[in-house]
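Have a look at the structure below, then the notes.
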Amino acid sequence: MNEVGGVARLLVLWVPDWPVLAHARAHRLSVDAPLALVDTGTVFACSGRARAEGVVRGQRIREAQSRCPRLQVVRYDPALDARAFEPVLAGLEQALPGLHPLRPGTVAVRARGPARYYGGEQAAALTVLGTVAELGVSVARVGIAHGLFAAERAARAAPPLERVTIVPSGGTAAFLAPLPVSLLEEPELVSLLPRLGIRTLGGFAALDAQDVVARFGPLGARLHALAGGRDPRPATPRIPPRDVDAQVDFEPAIDRVDQVAFGVRVTSDDFVNALLAQRLVCTALRVELVGERGETSERVWLHPRSFSAAEVVDRVRWQLQGAMHGDAGIAGELRSPVARVRLSPEAVDPVGAHERGLWGTGPDETVHSGLSRVQGMVGHRGVLTATASGGRSPAERQTLVPWGDRPLRSRDPQKPWPGTLPPPAPATVYELPRQIAVLDAGGRPVAVDERGELSAPPASIHGTGPGATGSRRSVTAWAGPWPLEERWWDAEAARSAHRFQAVDGDGVAWLLVLDGDGWWAEGRYD
Amino acid sequence: MQRTRLDTRSLPTHPALGELLPGGALEAGGSYAVGDSTMLALALLQGPSAAGSWCAVVGVPDLGVEAAAGLGIDLERLVLVPHPGEQWLSVVSALIDVVPVVLVKPPTREGRVRIGDAAASALASRLRQREAVLVSLGEWPRSDARLTVTESNWAGIGAGFGHLAARQVTVSSTSSSWAGRAKSRRLWLPGPDQRMDTVVARDAAPRVDADRPEMRSIAG
């Protein structure tokens, strides 16, 4: 008896706290340590140890930290979560085909096939647990029941030692009956039903179906069916993705950038051609470099159109150059010669969407290919585009992003930013502020006391830093000091300074800043 | 001196600057030298950028992007190569191929511009071929015009009060096609609205009134 009312019997494998496990592995943290994953300021998932200390899902970081001061906080990355589950799926597929991944850490499969093959449902469940244990996941649970909802609940209800719950055929409704209605995960109904005196799924299922439709509409009817153990959702077997990753191993490891670039040339040709054979092009490329001592450096490279083989080689070269200099945006640093290069497509598009026009290419496409050429000469970070961003100093008010990368806007320029100097903005914003000395008429350095009072009006500006030619400029007009106290709560980014504007004898205006280290020229209105 | 080229295409130029340029506008294939004023160099880029051209800035790591945007340069179509290093010449020629307006700061050695005549004429022929314009922040050999700021007065700031609000400059331009004569114009650079504009002369001398600045509080 495998089908009850058209509902298939399903086996669900559930890995408790899978996101925590995946992130702990990726960041090389211990799963036993108190660990929390945060997404948009709230706890998304936490390790068992953290939960024991009172951290729960949906809590704000600060509250979680106050409950568990030793909490390690890691930003939740859904892509990492899914990527880490991929090897588990691939391994499971060897043992039982036709998997239906529900989310990273949870997978369903029709139970009939495995139960027949392995000689019973219990045996099939134990085989599944054995398979994932071989893949390094030792905490998984299995539930077998009619319908996805019940099977998943069964997997979650499995006791930690036995790790398997099998809900007998026809016992689905009885299994679900004592469970709380909050499991329906429908905020409106979950808050309403207890107020109507319905606290368990059994109580909800006992209502007349007609009445439920009349009162709660189609959504209520669907949830009513779930509570009654009649889950209409089938398990749809996934089609395993074809492996298009390319990998080059260097034996012995290579420590020269040009040699590595030469070594990946043929492979990147094959990589692009293999995608083309499936009528795909790669629009985002993940390059993973593995050093001789096992350290990795990985980064996703974006492309406004699609990668050609030569561009793939370029990205590998830039990443190597960046990884050697500890460039931002690249996770990990290489300290030993490169033993392996791995290319995988992070995003693909059908080739048809990227076909060149019949009558030549648009003007922006020419610009893009020309700028890519320049990037080939001066490196990825050598060609930049600029966007306006928010901030109080001119250097903060501009963000430079390498050509081809997605601009990340962390500070909104539309926000008011009180304390910003009014326009106009300086036409020269020094990449590195220049050290200067500001003297009063008597030749003494100008200072600002605690009350914001100036010791004497500034009379002259002198270049003192390296490269300055000892020039002296007399001040004809000046204004300030305007105090700036920023981010005092963050020791790293805190900034306390006084700002001045000054016009020199040539009519050139300067933006001067006085902080704890002395006077600096931050910009020039030239 | 007669013009060296026949019917050249001109790029859209701000009318305030057009009067200072030979031919009345930026001419495709031309090179222009600007003496030590980033704002003036950016003002030359503003016309083509507002009309939809791409612009590139090479070798100016200290460019104030906000000032460029304030002048009306479209940041979406602005590309920066702050540190071209030893590949200066090949980067500039590669950019000229695809970008119609290129602002460069020529590399200097001991205070003197290090661009040889050969390199300059190679770039000049490339500019003509691609109908691009080169603006140099510093001396440039055989430039079509040389613009400098000869006088600059700030408005809004006094001895310890106010803040920088607007500036009037006198820009003078020399060109080989004017037989040694110089032209000069009085411009707002930037004006009170951050844009560039011609100073409209009134009966009295329209000098900047530094004694009565616009008051505005700045809180930290």
Side-chain angles (χ1 to χ4, degrees), chain A residues 363-364 366-371 373-374 377-378 382-388 392 394 397-400 403 418-432 452 454 457 475-486 498-499 501-503 506-509 511 523-526, chain B residues 36-42 54 56 58 60-71 75-85 87 90-91 94-95 97-99 149 151-154 156-167 169 190-194 210 213 216 218-220:
Chain A
D364 283 5
T366 352
V367 171
H368 173 75
S369 62
L371 293 178
R373 221 180 105 213
V374 177
M377 297 180 207
V378 294
V383 181
L384 307 170
T385 53
T387 48
R392 293 184 180 84
R397 291 182 68 82
Q398 57 191 40
T399 306
L400 303 176
W403 174 258
T420 314
L421 293 185
T428 298
V429 176
Y430 291 116
E431 204 180 21
L432 299 168
L454 214 55
V475 172
T476 57
W478 61 277
W482 297 303
L484 183 67
E485 295 284 342
E486 274 192 309
H498 292 279
R499 293 161 297 171
Q501 284 175 335
V503 182
D506 297 338
V508 175
L511 175 59
R524 195 160 69 127
Y525 301 80
D526 58 353
Chain B
D36 207 31
S37 168
T38 315
M39 207 66 180
L40 185 57
L42 289 173
W54 281 78
V58 183
V60 192
D62 299 335
L63 185 78
V65 172
E66 204 187 359
L71 270 177
L75 296 185
E76 300 260 302
R77 290 189 303 272
L78 180 70
V79 184
L80 314 175
V81 185
H83 302 283
Q87 315 218 37
S90 40
V91 166
L95 284 173
D97 282 351
V98 290
V99 178
V149 171
E151 199 189 339
S152 153
N153 305 92
W154 280 95
I157 189 167
F161 54 85
H163 68 85
L164 297 174
R167 170 169 82 152
V169 292
D193 57 350
Q194 297 196 61
R216 191 159 166 179
I218 302 165

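Per chain, numbering begins at 1; letters A, B, ... match sequence-line order.
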Out of curiosity, B:Arg77 CZ to A:Thr385 OG1, how far, rounded to the nearest 0.5 Å?
13.5 Å
Over all heavy atoms of both residues, which pair between B:Phe161 and A:Ala479 is shortest? Give the atoms and the distance, please.
O-CB, 3.7 Å
Intermediate values then yes/no, side chain to side chain contact (heavy atoms under 4.5 Å, CB included), B:Leu164 and A:Val503:
CA-CA 9 Å; B:Leu164 297 174; A:Val503 182; 3.8 Å; yes
Between B:Gly64, B:Ala69, B:Ala56, B:Ala94, which has the largest tally of heavy atom pairs under 4.5 Å with chain A?
B:Gly64
What one should report as the nearest heavy-atom pair of B:Gly162 and A:Trp482 is O-CZ2, 3.5 Å
To the nearest 0.5 Å, what is the distance between CD (A:Gln398) and CG (B:Leu75)?
9.5 Å
Using non-hydrogen atoms only, which part of A:Leu511 is less than 4.5 Å away from chain B: side chain, backbone, both, or neither?
neither
What part of A:Val374 lies closer than 4.5 angstrom to a heavy atom of chain B: side chain, backbone, both or neither?
side chain
Looking at every heavy atom in both B:Ala67 and A:Pro426, which two are closest together, and how far apart are they?
CB-O, 3.5 Å
Of the listed residues (B:Val58, B:Leu63, B:Leu42, B:Leu71), which shares the most heavy-atom pairs with chain A below a 4.5 Å separation?
B:Leu63
Is the shortest heavy-atom distance from the side chain of B:Val65 to the side chain of A:Leu400 under 4.5 Å?
yes
Would you please say whether a donor-acceptor pair under 3.5 Å links the side chains of A:Thr428 and B:Asp62?
no
Between CG of B:Leu78 and CG of A:Leu384, what distance do you get to the nearest 0.5 Å?
10.0 Å
For B:Pro61, is there any backbone N or O sitting under 3.5 Å from a side-chain donor or acceptor partner on A:Glu431?
no
Here the pair of heavy atoms bringing A:Ala427 nearest to B:Met39 is CB-SD, 3.6 Å
Who wins among A:Gln501, A:His498, A:Arg524 for the most heavy-atom pairs under 4.5 Å with chain B?
A:Gln501
Those residues that, when tested against A:Pro457, pass side chain to side chain contact (heavy atoms under 4.5 Å, CB included) (two or more places apart):
A:Trp478
Measure distances from B:Pro190 to the heavy atoms of chain A and classify the residue's part below 4.5 Å as side chain, backbone, both or neither.
side chain
Looking only at heavy atoms, the pair that brings B:Asp97 and A:Arg373 closest together is OD2-NH1, 3.8 Å
Between chain A and each of B:Pro192, B:Ala41, B:Pro82, count heavy-atom pairs under 4.5 Å; write down the option with the most.
B:Pro82
Between CD of B:Glu66 and CZ of A:Arg397, what distance do you get to the nearest 0.5 Å?
4.0 Å
